[in-house]
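All remarks here apply to the structure that follows.
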Amino acid sequence: EADIYQTPRYLVIGTGKKITLECSQTMGHDKMYWYQQDPGMELHLIHYSYGVNSTEKGDLSSESTVSRIRTEHFPLTLESARPSHTSQYLCASSEAGSLMNYGYTFGSGTRLTVV
Amino acid sequence: AQSVTQLGSHVSVSEGALVLLRCNYSSSVPPYLFWYVQYPNQGLQLLLKYTSAATLVKGINGFEAEFKKSETSFHLTKPSAHMSDAAEYFCAVSKPGGSYIPTFGRGTSLIVHP
């Protein structure tokens with residue numbers, strides 16, 4: 001049973017709207033990550049955080065921003081959605097020092113469609 | 001830089017047949033290797049991992065993978081496919097000593113026919 005929750009599961013929104021994708025975990029994990037997933041493509045890391053008030057950009061250039069004010073919460077915001085942002089967004093977490101032992105815990109994802 | 005190649009975007013097997021999903025990696029140092037599974041409308045779940053211990057790694061749901069350094073491979077196998085194995089499978093590689101953040105492959109969709 002997942003201990004990391006993403007809302008909403010599905011979102012259809014118009015171009016230019018501001019949106020926030022929510023991600024919360026109840027495991028007390030220090031590290032959290034956002035990935036973008038498109039069919040037939042590698043998962044691309046767009047943001048990560050190693051703890052409160054720590055955020056870094058990932059390998060994939062993204063117009064989104066993130067914040068980490070609380071350990072359990074790692075929201076991702078798009079200030080002005082565009083059709084190119086249509087994708088699935090996956091949130092993940094890992095305990096500090098345990099990524100090699102336990103891997104990531106993933107949420108179920110948010111499928112975003114921008115029309 | 002590290003990279004992963006998964007050969008075959010789709011693999012189709014009959015129920016009860018051997019499952020073989022291929023993964024080759026590129027890494028400048030002995031890597032850590034992972035297989036994740038993604039069922040429809042769900043996130044990824046760790047199947048198994050190789051972290052420089054035994055080269056034959058057993059995971060959940062009867063899957064196993066063998067690390068072969070000479071072939072730079074980490075293929076995933078299961079002796080007998082079940083319908084419930086139908087899912088997307090991702091191989092990932094991570095470089096020890098760094099951030100450990102893995103690089104994922106493009107995934108292989110496993111289709112199981114009755």
Side-chain angles (χ1 to χ4, degrees), chain A residues 1-10 21 23-25 27 29-51 54-60 74 88-111, chain B residues 1-11 23-26 29-53 57 59-60 63 65 67 74 87-109:
Chain A
E1 188 172 332
D3 294 309
I4 182 165
Y5 305 97
Q6 291 187 243
T7 57
R9 288 294 308 277
Y10 303 92
L21 308 184
C23 177
S24 295
Q25 51 97 2
M27 298 168 286
H29 286 175
D30 290 322
K31 299 183 177 182
M32 296 188 74
Y33 313 81
W34 276 103
Y35 281 87
Q36 188 169 333
Q37 181 183 25
D38 294 303
M41 301 297 291
E42 302 90 339
L43 271 69
H44 287 294
L45 180 67
I46 50 177
H47 295 283
Y48 61 100
S49 167
Y50 284 168
S54 154
T55 62
E56 301 286 345
K57 288 186 181 293
D59 301 326
L60 181 68
F74 191 41
Q88 169 140 277
Y89 293 85
L90 292 173
C91 182
S93 70
S94 69
E95 190 172 350
S98 75
L99 186 58
M100 294 301 100
N101 291 324
Y102 303 108
Y104 288 138
T105 299
F106 277 91
S108 296
T110 293
R111 189 170 297 280
Chain B
Q2 60 206 29
S3 65
V4 168
T5 302
Q6 291 185 240
L7 300 176
S9 59
H10 295 82
V11 170
C23 172
N24 288 89
Y25 69 90
S26 171
V29 298
Y32 291 164
L33 294 157
F34 305 83
W35 276 99
Y36 284 83
V37 60
Q38 185 180 31
Y39 298 104
N41 299 315
Q42 295 186 26
L44 281 69
Q45 177 184 358
L46 183 66
L47 259 183
L48 49 79
K49 65 186 187 299
Y50 167 78
T51 57
S52 75
V57 180
I60 61 173
F63 284 93
F67 172 68
F74 191 57
E88 191 86 14
Y89 292 80
F90 292 89
C91 184
V93 61
S94 178
K95 187 173 75 172
S99 67
Y100 294 102
I101 294 176
T103 299
F104 286 86
R106 295 191 172 199
T108 297
S109 178

With a 4.5 angstrom heavy-atom cut-off, which part of A/Tyr89 approaches chain B: side chain, backbone, both or neither?
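For A/Tyr89, neither part sits under 4.5 Å from chain B.
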
Quick one, B/Gln38 and A/Leu43 - any side-chain contact, counting heavy atoms below 4.5 Å?
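A side-chain contact is absent here, since even the closest heavy-atom pair is not under 4.5 Å.
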
Close side-chain approach of A/Tyr33 and B/Ile101, heavy atoms under 4.5 Å
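A/Tyr33 reaches B/Ile101 side chain to side chain.
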
With a 4.5 angstrom heavy-atom cut-off, which part of B/Gln6 approaches chain A: side chain, backbone, both or neither?
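Neither part, no heavy atoms under 4.5 Å.
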
So what's closer than 4.5 Å to chain A heavy atoms on B/Phe90: side chain, backbone, both or neither?
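Contact with chain A involves the side chain of B/Phe90 alone.
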
At what distance, to the nearest 0.5 angstrom, does CG of A/Asp38 lie from CZ of B/Arg106?
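A/Asp38 CG to B/Arg106 CZ: 11.0 Å, rounded to 0.5 Å.
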
Shorter than 4.5 Å, heavy atoms on both sides: which option in A/Gln88, A/Gln37, A/His44, A/Arg9 has the most such pairs with chain B?
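Looking at each option in turn, the highest pair count goes to A/Gln37.
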
Near-ring test A/Tyr104/B/Phe34, centroid separation under 6.0 angstrom:
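Judged by ring-centre distance (under 6.0 Å), B/Phe34 and A/Tyr104 do not meet the cut-off.
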
